[in-house]
Amino acid sequence: MGAPQAIVLFLILLQTCKTAAQHEEWKSATATYTNETNGSIIIEGACGYGDLHRATYGKYSAGLSTMLFNRGSTCGACFELRCVDHILWCRPGSPSVILTATDFCPPNYGLSSDYGGWCNFPKEHFEMSEAAFVEIAERRADLVPVQYRRVKCERRGGLRFTVSGSSHFYQVLVTNVGLDGEVIAVKVKGSKTGWIPMARNWGQNWQSNVNLTGQPLSFEVTTSNRKTLTSYNVAPANWQFGQIYEGKQF
């Protein structure tokens with residue numbers, strides 16, 4: 001093999017390794033769907049996102065069993081799912097969908113894990129919207145075997161910060177997080193303060209007891225892959241509770 005051919009082969013192998021490294025290996029789980037009037041899950045859920053259409057996740061949202069939910073730290077992460085090993089229920093060719101973790105599927109130990117207790121520990125299970133479920137399986141199916149893997153989250157626009165609370169209790173909901181999607185740390189900075197670490201309240205709601213009224217706000221967000229993004233002066237000095245402010249994107 002000549003030098004040019006060897007270089008081309010090396011570049012192909014390098015690209016293959018990079019592509020493989022972007023995604024985890026496929027793992028086995030199960031999936032069901034919940035009946036919603038408009039075909040998607042719009043309830044607030046255990047991650048605190050509120051209206052999931054407003055949070056941009058819409059029908060491609062999922063509730064995760066205890067094993068996958070990890071006490072809420074997985075909120076915002078993206079999973080690729082495909083139905084497998086069921087000739088009657090799986091769509092031909094096993095098409096896949098990308099879902100965002102937005103809720104917790106609680107266990108029901110009064111039922112068998114094979115019949116109704118699908119989210120019982122240590123089962124790995126996804127509760128999908130009906131609209132997303134029918135993209136990979138027949139609607140008539142109650143429970144289907146699936147394969148899943150973590151993937152990068154593709155988002156439009158920047159990170160979104162929803163501010164709530166009062167002058168003595170300041171809370172921020174972080175949504176529309178790209179790449180890893182799973183936020184593990186948030187800091188806030190006013191024009192009169194240094195960087196203040198925020199504590200996780202629940203889901204992806206982060207809180208601080210510092211009064212930042214009248215100061216423009218900057219945010220520093222760290223995801224589980226240890227990447228940190230800083231968005232300066234996201235909210236103006238006259239920011240209001242209940243408003244959504246947009247920052248940079250990973």
Side-chain angles (χ1 to χ4, degrees), residues 41-58 61-79 99-107 119 127 153 155 158-190 192-236 239-250:
I41 303 172
I42 59 173
I43 57 176
E44 182 165 322
C47 292
Y49 290 131
D51 186 329
L52 296 178
H53 291 293
R54 191 182 183 197
T56 74
Y57 303 136
S61 307
L64 275 56
S65 62
T66 304
M67 194 73 175
L68 295 170
F69 191 66
N70 198 21
R71 297 184 178 179
S73 67
T74 310
C75 289
C78 293
F79 297 85
L99 305 175
T100 299
T102 61
D103 199 4
F104 173 55
C105 181
C119 292
E127 186 177 61
C153 299
R155 306 296 188 203
L159 273 64
R160 297 178 183 176
F161 303 91
T162 305
V163 185
S164 61
S166 65
S167 59
H168 302 291
F169 178 78
Y170 172 83
Q171 183 169 275
V172 174
L173 170 64
V174 185
T175 60
N176 204 48
V177 182
L179 292 184
D180 188 65
E182 183 181 336
V183 177
I184 63 169
V186 178
K187 294 181 181 179
V188 63
K189 181 182 182 302
K192 302 175 183 179
T193 72
W195 285 105
I196 303 167
M198 304 188 76
R200 187 192 298 272
N201 187 314
W202 62 289
Q204 285 301 343
N205 286 281
W206 299 80
Q207 70 178 55
S208 171
N209 294 325
V210 178
N211 188 349
L212 298 170
T213 304
Q215 302 179 52
L217 304 179
S218 303
F219 295 98
E220 182 182 281
V221 175
T222 302
T223 56
S224 60
N225 60 2
R226 305 300 171 180
K227 289 187 177 180
T228 297
L229 179 68
T230 304
S231 298
Y232 289 99
N233 300 319
V234 171
W239 58 267
Q240 299 291 321
F241 290 119
Q243 297 298 307
I244 301 175
Y245 302 96
E246 187 168 329
K248 295 180 179 179
Q249 184 57 269
F250 283 97

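Below, all heavy atoms of this structure are taken into account, side chains as well, without hydrogens, waters or symmetry copies. Sequence positions, counted from 1, serve as the residue numbers for this chain.
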**Student:** Identify the heavy atoms of R155 and V177 that sit nearest to each other, and give their distance.
**Tutor:** NE-O, 3.2 Å
**Student:** S65 side chain to C119 main-chain N or O, any donor-acceptor pair under 3.5 Å?
**Tutor:** no
**Student:** Can you see which heavy atom on G203 is nearest to which on C75, and at what distance?
**Tutor:**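 Minimum heavy-atom separation between G203 and C75: CA-SG, 4.1 Å.
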**Student:** Go through the steps to decide whether W239 and Y170 satisfy the test ring-ring contact (aromatic ring centres under 6.0 Å, His included), and finish with yes or no.
**Tutor:** CA-CA 12 Å; W239 58 267; Y170 172 83; 5.6 Å; yes
**Student:** Among V221, N176, T175, V234, which residue satisfies the side-chain contact (heavy atoms from CB on, under 4.5 Å) criterion with L159?
**Tutor:** V221
**Student:** Output all residues satisfying side-chain contact (heavy atoms from CB on, under 4.5 Å) with N209, sequence neighbours left out; order by chain, then residue number.
**Tutor:** F169
**Student:** How far apart are the C-alpha atoms of V172 and V186, what are their side-chain angles, what is the distance that settles it, and do they pass the side-chain contact (heavy atoms from CB on, under 4.5 Å) test?
**Tutor:** CA-CA 9 Å; V172 174; V186 178; 5.7 Å; no
**Student:** Does the side chain of F104 reach to within under 4.5 Å of the side chain of T66, using non-hydrogen atoms?
**Tutor:**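 Yes, side chains in contact.
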**Student:** To the nearest 0.5 angstrom, please state how far the CD atom of Q207 sits from the CE atom of M198.
**Tutor:**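 It comes to 7.5 Å.
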**Student:** Does E127 reach the main-chain N or O of P106 with its side chain, forming a donor-acceptor pair under 3.5 Å?
**Tutor:** no
**Student:** How about S61 and D103: do any of their side-chain heavy atoms sit closer than 4.5 Å?
**Tutor:**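 With C-beta onward as the side chain, the pair stays apart.
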**Student:** Quick check against the 3.5 Å criterion: does N211 have a side-chain atom that pairs as donor or acceptor with the backbone of H168?
**Tutor:** no
**Student:** Atom CZ in R160, atom CD in Q249: separation rounded to 0.5 Å?
**Tutor:** 9.5 Å
**Student:** Tell me if a side-chain donor or acceptor on Q171 pairs with a main-chain N or O of N205 at a distance below 3.5 Å.
**Tutor:**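 No, the answer is negative, given that no donor and acceptor are paired below the 3.5 Å cut-off.
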**Student:** Quick check on side-chain contact (heavy atoms from CB on, under 4.5 Å): which of N233, T230, T193, V188 does S218 satisfy it with?
**Tutor:** N233
**Student:** What's the shortest heavy-atom distance between C153 and G181, and which atoms?
**Tutor:**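 The pair with the smallest heavy-atom distance is SG-CA, 3.9 Å.
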**Student:** What do the steps show when you test V174 against F161 for side-chain contact (heavy atoms from CB on, under 4.5 Å), and what is the final call?
**Tutor:** CA-CA 5 Å; V174 185; F161 303 91; 4.1 Å; yes
**Student:** Tell me whether N201 contacts the main-chain N or O of W206 through its side chain, where contact means a donor paired with an acceptor under 3.5 Å.
**Tutor:**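 Absent.
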**Student:** Not counting sequence neighbours, which residues clear side-chain contact (heavy atoms from CB on, under 4.5 Å) with I184? List them please.
**Tutor:** T222, S224, R226
**Student:** Any chance you could measure W202, atom CH2, to L173, atom CG, to the nearest 0.5 Å?
**Tutor:** 8.5 Å
**Student:** Determine yes or no for a side-chain-to-main-chain donor-acceptor pair under 3.5 angstrom, with Q215 supplying the side chain and K192 the backbone.
**Tutor:**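 Yes, because the side chain of Q215 sits within donor-acceptor range (under 3.5 Å) of the backbone of K192.
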**Student:** When rounded to the nearest 0.5 angstrom, what is the spacing between CG in L179 and NZ in K227?
**Tutor:** 5.5 Å
**Student:** Please report the closest heavy-atom contact between L68 and T74, naming both atoms and the distance.
**Tutor:**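 Smallest heavy-atom distance, with atoms named: O-OG1, 2.9 Å.
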**Student:** So, taking the atom named OH in Y49 and the one named OH in Y57, what distance separates them when rounded to the nearest 0.5 Å?
**Tutor:** 4.5 Å
**Student:** Heavy atoms only: give me the nearest Q240-Y245 pair and the separation to one decimal.
**Tutor:** N-OH, 2.9 Å
**Student:** Enter the distance from F79:CZ to L64:CG here, rounded to the nearest 0.5 Å.
**Tutor:**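 One gets 5.0 Å once the value is rounded to the nearest 0.5 Å.
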